[in-house]
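This report concerns only the one structure given below.
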Amino acid sequence: MTGKVPEDLLRMSDLDPPTLTELLDLAEAMKQEPMGWEHDLRGGAIGCLFEKPSTRTRVSLAVAAHRLGMAAIVLNRQELQLGHGETISDTARVLSSYLDAITVRTFAHTTVEQLADASTVPVINALSNSHHPCQSLADLLALREHFNTLTGMTAAFIGDGTSNTCNSFLAACAASGMHLTIATPPGYETDQNILGEARELMARTGGSVSLTTEPIEAVGAAQAVYAEVWIPMDRPHEHVQRAKHLAAYRVDDALLAHAPREAVAMHCLPAVRGQEITSEVLDGPRSLVWRQAENRLPTAQAVLHTLITTARRRTT
Ligand code: CP
């Protein structure tokens, strides 16, 4: 690796541009030859602490671990002493002596940070309320496979600019030198600190980010149009107000008609069909969605291999 491999993957911005490129290269190679790395981490194990539901992240990490010769142990808060008051830090410290990495899906991003602070093995954020780096890696690999490049590409994110998916996709675009327009209703704008961090990196990579309230304006030059779920897992009580505020931000054929002919539609899944994206788009010829989902596995494999092998080298 020519970049600096981080100890943990908590946010996309933990990956500098060279490391990101090399991770995508490795994921591409692992996609071609899934069992080509099966001996490297043989006998190891990862923990999967999931405090929210998951289909793609949970299964892709478990299969990725298996392909690297490792076991994946599902950890349920209620079945751990965490559920009886043991601290996250004490838990991380002990788990570090059994495991080669800890993957965590939780609510507050500070929980992921606490876990990483106390852990002596890599911690991988499998989604927090603020960041979803594992998803963005699969997104970038899907885009790179489709367009054969990332640098200079244009994309639009439509809907909730405060979402973990948007935050991480923005950071992914920044590291890749992409141009992103985020279209949100008032009140759903991306956090200024996250925007500032992305703009700082974009000044070096040649990317850019702009904000609008107009979806049609956002997709006008976009080669990729990203739809995002309107009701996050931890905010079911906001479904009425969110559905009302975001109603004009559905990705459908009518919106895509304003995008360039080559534009693809993206979604991290699970989707609420007919809400933030229509079935026509999801299942249609411009959908990159299933490729994004498929790429969760090789990118998870690349992340586990890179972080764990680097950590082992650092401690020997
Ligand atoms: N996109 C994503 O993270 O899917 P899951 O919630 O099913 O893991």
Side-chain angles (χ1 to χ4, degrees), residues 9-12 14-15 23-24 27 31 46-67 72-77 101-109 111-112 123-143 145 155 157-173 224-236 239 242 251 264-273 275-277 279 281-283 287-304:
L9 178 59
L10 309 189
R11 333 161 25 132
M12 270 310 282
D14 291 332
L15 299 172
L23 265 179
L24 294 177
K31 195 170 170 178
I46 66 164
C48 305
L49 176 55
F50 277 61
E51 302 194 275
K52 288 179 178 175
S54 169
T55 298
R56 280 144 290 270
T57 312
R58 183 196 302 260
V59 177
S60 61
L61 282 165
V63 176
H66 172 72
R67 288 183 175 180
I73 300 167
V74 174
L75 305 169
N76 182 325
R77 177 179 273 268
I102 303 170
T103 67
V104 56
R105 170 168 288 204
T106 189
F107 296 85
H109 190 71
T111 305
V112 183
V123 169
I124 294 157
N125 179 6
L127 180 147
S128 66
N129 286 352
S130 324
H131 300 280
H132 197 2
C134 294
Q135 179 63 50
S136 298
L137 285 169
D139 298 341
L140 289 183
L141 183 59
L143 283 171
E145 284 173 343
F157 193 97
I158 310 296
D160 183 2
T162 70
S163 64
N164 45 24
T165 306
C166 184
N167 290 342
S168 290
F169 189 64
L170 168 59
C173 291
V225 178
Y226 208 129
E228 166 66 344
V229 68
W230 289 352
I231 326 289
M233 278 184 270
D234 57 320
R235 294 174 186 248
H239 74 278
R242 281 178 162 264
V251 174
V264 294
M266 301 180 72
H267 192 298
C268 73
L269 298 175
V272 182
R273 287 172 179 261
Q275 195 169 74
E276 73 275 2
I277 191 167
S279 287
V281 173
L282 204 50
D283 302 323
S287 175
L288 199 67
V289 176
W290 310 105
R291 180 78 71 95
Q292 290 171 260
E294 175 190 328
N295 284 347
R296 295 297 306 271
L297 176 50
T299 49
Q301 195 177 349
V303 166
L304 288 175

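Read the numbers this way: they start at 1 and go in the same order the structure lists the ligands and their atoms. Residues: numbered from 1 along the sequence shown. The structure displayed is predicted, hence computed values, not measured ones.
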(request) List the closest protein heavy-atom neighbour of atom 7 (O) of ligand 1: residue, atom name, distance to the nearest 0.1 Å. (result) T55 N, 2.7 Å

(message) Quick check on contacts: which atoms of ligand 1 are under 4.0 angstrom from a heavy atom of R296?
(response) 1 (N), 2 (C), 3 (O)

(message) Regarding ligand 1, does L127 bring an N or O atom to under 3.5 Å of one of the ligand's N or O atoms?
(response) no

(message) Do Q275 and I231 make a side-chain contact, defined as non-hydrogen atoms from C-beta onward lying under 4.5 Å apart?
(response) yes

(request) For ligand 1, note which part of Q135 has a heavy atom under 4.0 Å away: side chain, backbone, both or neither. (result) side chain

(request) Check each of T165, V225, L170 against F157 using the side chain to side chain contact (heavy atoms under 4.5 Å, CB included) test, and report the only one that passes. (result) T165

(message) Between N164 and N129, is there a side-chain donor-acceptor contact under 3.5 Å, judged purely by atom types and distance?
(response) no

(message) For ligand 1 and L269, I'd like to know whether there is a polar contact (N/O to N/O, distance under 3.5 Å).
(response) yes

(request) Give the numbers and elements of all ligand 1 atoms closer than 4.0 Å to a heavy atom of T57. (result) 2 (C), 3 (O), 5 (P), 8 (O)

(request) Compare all side-chain heavy atoms of L127 with those of K52 and state whether any distance is below 4.5 angstrom. (result) yes

(request) Answer yes or no: is there a side-chain heavy-atom contact under 4.5 Å between C134 and I124? (result) yes

(message) Taking the cut-offs as 6.0 angstrom to the six-membered ring centre and 45 degrees off its axis, would you call R105 and F50 a cation-pi pair?
(response) no

(request) Would you mind checking which non-hydrogen protein atom is closest to atom 3 (O) of ligand 1, with the distance to 0.1 Å? (result) H132 NE2, 2.7 Å

(message) Please list the nearest protein heavy atom to atom 4 (O) of ligand 1 with its residue and the distance rounded to 0.1 Å.
(response) R56 NE, 2.9 Å

(message) So for ligand 1, is R105 a polar contact partner (N or O within less than 3.5 Å, distance only)?
(response) yes

(message) For P236, is there any backbone N or O sitting under 3.5 Å from a side-chain donor or acceptor partner on H239?
(response) yes

